[in-house]
Protein chains: 2
Amino acid sequence: MPPKRNRASKEDSVRVKNDTNTKIKSKAVSNKRKSNTDDHEEPTAKRVKKVAKPVLNKIDTDLNEINFDCSKLNAIGNKYNLKISSWNVSGIRAVIKKNGMDYILKEDADIVALQETKCDKNKLPEEVKLKGYHYYFFESKKPGYSGVALYTKEKPVNIKYGLDNAEFDNEGRLITAEYPNFYLLNAYVPNAGQKLVTLPKRLKWNEVFKDYVKDLDKKKPVIICGDLNVAHQEIDLKNPKTNTKNAGFTKEEREGMTDFLDAGFVDTFRALYPDKADAYTFWSYFANARSKNIGWRLDYFLVSKQIKDNVCDNVIRDEVYGSDHCPIVLYINL
Amino acid sequence: MPPKRNRASKEDSVRVKNDTNTKIKSKAVSNKRKSNTDDHEEPTAKRVKKVAKPVLNKIDTDLNEINFDCSKLNAIGNKYNLKISSWNVSGIRAVIKKNGMDYILKEDADIVALQETKCDKNKLPEEVKLKGYHYYFFESKKPGYSGVALYTKEKPVNIKYGLDNAEFDNEGRLITAEYPNFYLLNAYVPNAGQKLVTLPKRLKWNEVFKDYVKDLDKKKPVIICGDLNVAHQEIDLKNPKTNTKNAGFTKEEREGMTDFLDAGFVDTFRALYPDKADAYTFWSYFANARSKNIGWRLDYFLVSKQIKDNVCDNVIRDEVYGSDHCPIVLYINL
DNA sequence: CGTTGAAGG
DNA sequence: CCTTAAACG
């Protein structure tokens, strides 16, 4: 069983105090006023809450049902010696309330990369402290917006926040951890926005980020993970036809991804499973998309070409709820 | 038992889907990286939620424990033939979620006056429709702010929204219902604000309102109910000494109340119970004030002097939770 | 639809 | 402390 935290039960009901001293029950006096209901202005909204809570916050089975290990060998014939988990939590405090840290502890990855933490450093609850990990939070200047975090068992040689760009570094979108034999980048790529209002900003990021990573790649192999906010190909989302003008599947964003990969990187999931459809990491909260698996693959592990054969597996943990994204896990031998 | 609505249980937990097809449990590979936790920047906020939810949303007993009838006779010797309930709900949608409408139905008053409904007409949920009542909502132009509602079994001769003052009528603070033999006024009086920033506005209200009511009082007797946002005398709040500079107990607000009563009205609760202490209708949500009964009497029934002897009783329903105010009930014979 | 801060109480 | 609307996704 996953450790359960003490949490208050939310019994939302009008309460009645227990010290009533007037218990005489008599029939209410008959009332001369007769009621008929007709002419008032009608309320238009339907109900306070639609029907039932989305299944999202309910436990069906427990985390022990998941196999967190991996027996697959990589192309070189080695088992993994490094496990990395990446998860867009869409608000770390909300995920904590849903016992999301239990998943992280159970996964027991060597490195955990979180995106959209949406929490100022001084508001981080105690629960973010995970024993056995060094952790690093990079927040946005805009409170409650964006933000990334990195947990790592081994202390990195160096930690760098941002990519030396004032605009993006104000938004807590990138942590670079340098290890002896590789760089690990945790990225939360700008969303192109409703009606693509921030597509220009996004394309600017693509350029700045590519330049930044190419420089690193000259020194050591690079592992990039996070929410890259693009479904690369048609296979990477349920409804490619109707989303070509929507954030995450525009021609520009898709070409940006292709362009990035052409610079010498591999989408590990697609490399391992070239034809696997219906494999998504994000589902809109709208219209119960997740239960119908109407999703997008927006979260990735990209690795430098030189270490692509080191990858053992890339797993999508779509059994894990708590956010509109699910975690993804990379097993690699480095 | 009060009728329970179908509501989703809020089991806030990270959920795991029930279709895991990989159940091989093998020991995680031993990891060469050793962990030691020391140097990261410390989170400063303590916990996500303090300790436990305030008792406010929990049912202890049920509404059947309350005696909603009244056998007391008024000074003329008559039992009541009219029951009026007044409740500052502090958000009608929140109260509905806590089954607050069950209280209203159980009380079964002839007239129900609500304050701080905080809901645009087009966002009112279905649950505001109560069978057997005509209802009238007066909203603020500022969404989610102020707003009053009136439920009445007998259809009034006339309904008037506001008091012909542009400033106050934009804020949904007053409904006047004219009945054959009296006026019923449902008022949500402006709060003087943090550091008394809106005390001038409040004092302006006092003048405008007094003039308005005095005019009505010349025609028919008046019953005023609602959140008058003042504790009149020291007996009307737990901590009079420390609150003389705070909204609700300033000299100006208290004198405003005295001044209003001097115009020919009676505070029915205090008239019936001149020395009753610890009788409050509001408790701050801060510091568990309600469980310690650190409260204020801010909600009133005021009646024209000419009908003061018609009053049978004025009850404070402090057993009813769901808001930071509790309901009050007037039993009268008219 | 769900998370967040901000205003208001 | 609690409710709400607005921004963002």
Side-chain angles (χ1 to χ4, degrees), chain A residues 12 48-57 88-98 115-120 123 139-140 142-147 171 188-195 197-198 227 229 246-248 282-291 296 298 321-325, chain B residues 10 12 48-51 53-57 88-98 115-120 123 139-140 142-147 171 188-195 197-198 227 229 246-248 282-291 296 298 321-325:
Chain A
D12 285 338
V48 163
K49 276 286 176 189
K50 298 289 168 185
V51 194
K53 283 285 296 180
V55 284
L56 208 133
N57 294 327
N88 178 320
V89 289
S90 188
I92 193 167
R93 282 167 294 179
V95 157
I96 285 171
K97 287 187 201 164
K98 299 176 219 169
Q115 303 88 40
E116 283 206 270
T117 46
K118 295 183 174 180
C119 189
D120 289 355
K123 291 188 174 179
E139 70 192 18
S140 172
K142 185 173 174 177
Y145 177 75
S146 186
E171 300 191 328
Y188 172 53
V189 173
N191 189 298
Q194 298 290 111
K195 309 202 103 218
V197 281
T198 46
D227 176 359
N229 253 323
N246 290 336
F282 163 84
W283 304 262
S284 167
Y285 279 125
F286 286 76
N288 266 302
R290 190 159 181 176
S291 66
W296 304 54
L298 303 180
Y321 283 61
S323 165
D324 48 0
H325 294 247
Chain B
K10 194 162 183 173
D12 284 339
V48 164
K49 276 285 174 188
K50 297 290 169 184
V51 194
K53 283 286 295 180
V55 284
L56 206 132
N57 294 326
N88 178 320
V89 289
S90 189
I92 192 167
R93 283 167 294 179
V95 158
I96 285 172
K97 288 186 200 162
K98 298 176 220 167
Q115 304 89 38
E116 283 205 271
T117 46
K118 295 184 176 182
C119 189
D120 289 355
K123 290 188 175 178
E139 70 193 19
S140 172
K142 184 173 176 179
Y145 176 76
S146 185
E171 299 190 329
Y188 172 53
V189 173
N191 189 299
Q194 299 290 111
K195 311 202 99 214
V197 282
T198 46
D227 176 359
N229 253 322
N246 290 336
F282 162 85
W283 304 261
S284 167
Y285 278 126
F286 285 76
N288 265 303
R290 190 158 181 176
S291 66
W296 303 54
L298 303 180
Y321 282 62
S323 166
D324 48 0
H325 294 247

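Numbers restart at 1 for each chain; the letters A, B, ... are given by sequence-line order, proteins then strands. Being a predicted model, the structure only gives us computed values, none of them experimental.
- Phosphate contact (OP1/OP2 of D:dT3, side-chain N/O of B:Y285, threshold under 4.0 Å): absent.
- Contacts of B:S140 classified as side chain to side chain contact (heavy atoms under 4.5 Å, CB included), with partners at least two apart in sequence or in another chain: B:K142, B:Y145, B:S146, B:E171.
- Nucleotide D:dC1 holds its P atom 19 Å from the CD atom of B:E116, rounded to whole Å.
- For A:E139 and C:dG5, the CD to C1' distance is 14 Å, given to the nearest whole Å.
- Remark: P of D:dT3 and CD1 of B:I96 are 13 Å apart, rounded to the nearest angstrom.
- Residue B:K142 places none of its side-chain N or O atoms closer than 4.0 Å to OP1 or OP2 of D:dT4.
- Annotation: of the two residues near DNA chain C, B:Q194 and A:F286, the 5′-most nearest-nucleotide partner is A:F286.
- Within the structure, every side-chain polar atom (N or O) of A:K97 is placed at least 4.0 Å from both OP1 and OP2 of C:dT3.
- When side chains are defined from C-beta on, B:K118 counts as touching B:S90, because their heavy atoms get closer than 4.5 Å.
- A heavy-atom distance below 4.5 Å is found between the side chains of B:R93 and B:K123.
- Rounded to a whole Å, the CG atom of B:D324 is 17 Å from the P atom of C:dG8.
- Rounded to whole Å, the distance from CZ on A:F282 to P on D:dG9 is 11 Å.
- Considering only residues two or more places apart in sequence or on other chains, A:D120 meets the side chain to side chain donor-acceptor pair (under 3.5 Å) condition with none of them.
- Phosphate contact (OP1/OP2 of D:dA5, side-chain N/O of B:K123, threshold under 4.0 Å): present.
- Not a single donor-acceptor pair under 3.5 Å links the side chain of B:S284 to the backbone N or O of B:A289.
- Of the candidates C:dG5, C:dC1, C:dG8, the closest approach to any side-chain atom of B:K118 belongs to C:dG8.
- If you measure from atom CD1 of B:I92 to atom C1' of C:dG9, you get 17 Å, rounded to the nearest angstrom.
- Between D:dA6, C:dG9, C:dC1, one nucleotide has an atom nearer to the side chain of B:P143 than all others, and that is D:dA6.
- Nucleic acid contact class of A:Y188 (heavy atoms, under 4.0 Å, all strands): sugar-phosphate only.
- Straight-line distance from the CG atom of B:N191 to the P atom of C:dG9: 5 Å, rounded to whole Å.
- Applying the 4.0 Å criterion to OP1 and OP2 of C:dT3, one finds that A:Y145 has every side-chain N and O outside that range.
- The CG-P distance, from A:D120 to C:dA6, rounds to 8 Å in whole Å.
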